[in-house]
Amino acid sequence: MHWKTVLKAGAVFSAAALAVTALAGCKKEEVPVSDAAYLQTLEQSDIWVNSASASVPEYQIYHHVHAFLDECAIADGSAVSPEGKTRKVLFLGFDGMRADAALQLFEGTNVFDQSLGGGRQAASGIRTLAAQGGIYLAYCGGEAGTNTEQTTSTSASWTSQFTGVWGASHGIKTNDDVKNLQYKTFILEYAEQGLHTALAFDWDQYLDVNLKEEVKLALSNPQLSVKFCDIDREKKDKLKKTEAETLELYNFVAPGNPSPDAPFDSGMRDWVLARMAAGDDVVCGIFHNIDTAGHNYEFSPRNAQYKNAVYTCDSYAYEILQVVTARETLYNEEWLVVFANDHGGIGQGHGGQTLEERTTWIATNRLLDETYYAEGYDGFTTQER
Ligand SMILES: [Zn+2]
């Protein structure tokens, strides 16, 4: 337990936390959990590889992917490791899933949702992945109080994870910004090296606005094997017919049996499984509806709907992990698997700089390079990169 850190973070931040909470639209009678108390809750658990004071900046995911694939000889559309295995990457995003919701998958009992059987989730994707490698405390929002500070929001965060830098460099600090082409996502980078890559989300804004320059680049080069998919968009909607048909962008995937709290996440699971079956090398999918549940009800593992969305996505991730394991045996493949969230939340919103919003998590089957830990991180320590 890092008492000095906890006390310092709490002392520095209590006034700001209240201000941000007011902006996020919390009900007046709600008392936000203080930053200090939140860190204490997280650090009381031993599930984490690291301590909160050594949290990992979320952009480390990009470097983690590069470290794995750049050891390979990449030729003829595949990445082959020094040991002769075909290397592939699976990234699953859990939009808006707070770090303390991850705690409950390991330690909690689900007293809210009897349909899930109560108790600890038997088939947990996040717990299974953490057992293969580890789960880390991480952070979004840039280095608070510096020029790299960015909103604790979806577009800024996923883009930092995909490009390896904060929004001050890639251009997205809020959900309305557009990524520049100076910093490419690893999804585009490895497509340019000849690998087959794919990214799906069900939020129009991300592909239509935030990544539009990159999507345009992909459209202009049909030789690139990159798929950007909006999971809930009918084919041809919004895009010109010819573009959609030529490049199979935005393929519609029908949701199978959607949970009321995660209507498109089963479609996401099926799309990820389909891309893996098609032989893609880098497959990225983002489950969105934990975030939706947070906005509709509350970002809190004590909220039944929020928790149900977490459990649903976690069980889908478990199903996908079983396929990874099977493929490694069947096809001499070696997968890097990364699960992560983009931000936390407080009340029914996020975007501010409280630790409930800033604190994120990363689970992966290969341990992260510790040189990228933010040394002495207390949620607000400057770490330039
Ligand atoms: Zn959100």
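This one's a predicted model, so the numbers in the text were calculated from it and none came from an experiment. Start at 1 and go down the list; that is how both ligands and their atoms are numbered.
- Metal site remark for the Zn ion (ligand 1): Asp95 contributes no N, O or S atom at a distance under 2.8 Å.
- Not a single N, O or S atom of His343, from either the backbone or the side chain, sits less than 2.8 Å from the Zn ion (ligand 1).
- Qualifying side chain to side chain contact (heavy atoms under 4.5 Å, CB included) partners for Thr163, counting only residues two or more places apart in sequence or in other chains: Thr159, Val165, His170, Lys179, Tyr183, Thr185.
- Judged purely by distance below 3.5 Å, without hydrogens or angles, the side chains of Thr154 and His343 pair a donor atom with an acceptor atom.
- A side chain to side chain donor-acceptor pair (under 3.5 Å) with Gln150 is found for exactly one of Ser155, Ser160, Ser157, namely Ser160.
- Of all N, O or S atoms in His295, the one lying closest to the Zn ion (ligand 1) is NE2.
- With ring centers used as reference points, His288 lies under 6.0 Å from Phe201.
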